[in-house]
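Just so it is clear, the model here is predicted, and its values are computed rather than measured. Start at 1 with the first residue, then count along the sequence.
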Amino acid sequence: MENQINYYKISRKEWSGFYQDQVAPLTEAELEKIKSLNDRISLADVSDIYLPLVHLLHLFFKTHQQQQDDQAKFLGIRPHKVPFILGIAGSVAVGKSTTARLLKVLLSAHFPTKKVDLITTDGFLYPNATLKKKRLMKRKGFPESYDMERLINFINDVKNNLPAKAPVYSHKIYDIVPGEYETIASPDILIVEGINVLQLPSKQQIYVSDFFDFSIYVDAKEEHIKRWYLERFGMLLDTAFKDPTNYYYPYALGDRAKAFAMAEAVWDEIDHPNLHDYILPTKKRADLIIVKGKDHLIDELLLRKY
C-alpha cells in the first residue's frame, strides 16, 4: 500500500486480500448479463475487487445506520430509516454501468433483508426537444443539459423516505421516454450512477454529492476510454440495422467509414472536452477511485484517507 496525499494507493493483489471469506454469489452467465455492451469483467474481478468493496461498503453502511440512531437518540425522537446513497461517476464508456449493476446484485446478496435500488442520471437529461429548443444538442451530457433541480429534488425525496419518480432514458432512441418513470420507494440502499454525480454545477446551492454516503469514480486513460467508446459504437451498429426505430439505424445502413468518422468527431467535439472540463476534475472528490488498464482490467484502487 502506497500513501498519497489524500488517498491510499492499493494494488489489485493487496486489495484482493482484504476480504476473502465470501464466494461470488453469481455465475459466469449471470455476470455476462450484467456487464455493459463492450465491457470485460470476470468472476476473478468479482472476487478480487468487488467482494472486498462490498465488505468495505458494509462497514460504511453500519456506521451510517449507527449515526442515524445516535442522532435520533440525541434529539429524543424515534429512530427512522435514512437510505444509504452510493454514487458512481466516471467517463462515458468506462464501465460505470457494469460497476453499478454488479454492486446492486452483490449488495442485494450481501444484505438479503435490505432493499437495494439503482438509477442512472441519464433520466434527468432534458428531452431532445428541449435541448434543441435551448440549442444544446451538441452539449448533450454537459452540465447544462441536465435538469439538476429535478435530480436534486428526487434524491432529497429518497433521502427523506418519500416515493420518488425518475424519468426513464432510452439509449435505443437516444432520448427520454415520454410518460415513463421508475418509482423508487423507501430503499435501504440507492445506487446513483452517472457522469455528473460528483459535479458542482454553477448556480446550485445543493449538489447531488451532498446526499452521498460513499462515492466511487471509475477511471482509465483517455486513450483506452476512446477505444472502448468506438468499440461500443461498432457493436451498436451491428445490432441497430435490424430495428428502424433505433437511433443508430441510419448509421448502421450507411457507409461504415463515414459512421465511424462521425463517432470520432463526436468524441473530439463533445466527449473529450466534457471529460476534461467537467468529469475528470471530479475524480478527487470520490471516496474510492477504481483504476482500469487497457483491457478493463482493474490495476489499482485509491481509497480516500479522510
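- Evaluation of the salt bridge (Lys or Arg N to Asp or Glu O under 4.0 Å) rule for D175 yields no partner, not counting sequence neighbours.
- Taking the centre of each ring, H64 and F214 stay at or above the 6.0 Å mark.
- For the residue pair S91 / Y229, no side-chain donor-acceptor distance below 3.5 Å is found, with atom types taken as modelled.
- Here the two rings, on F60 and F84, have centers that are 6.0 Å apart or farther.
- A cation-pi contact, defined as under 6.0 Å to the ring centre and within 45° of the axis, is absent between K305 and Y7.
- In terms of the side-chain hydrogen bond (donor to acceptor under 3.5 Å, both in side chains) criterion, residue partners of E222 (sequence neighbours excluded) are, by chain and number, W267, H272, H276.
- Seen from the ring of F154, K165 does not count as a face-on cation partner, given the 6.0 Å and 45° thresholds.
- Taking the ring centroids of F260 and F233, they lie under the 6.0 Å cut-off.
- Side-chain polar atoms of K115 and S186 form no donor-acceptor pair below 3.5 angstrom.
- With salt bridges taken as basic N to acidic carboxylate O contacts below 4.0 Å, one links D48 and R12.
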Q. For K159 and D213, what are the C-alpha separation, side-chain angles and deciding distance, and is it a salt bridge (charged side-chain N to carboxylate O under 4.0 Å, His left out)?
A. CA-CA 11 Å; K159 203 71 170 174; D213 300 290; 2.6 Å; yes
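- With salt bridges taken as basic N to acidic carboxylate O contacts below 4.0 Å, one links K81 and D188.
- Residues that satisfy the salt bridge (Lys or Arg N to Asp or Glu O under 4.0 Å) test with E223, not counting sequence neighbours, are absent from this structure.
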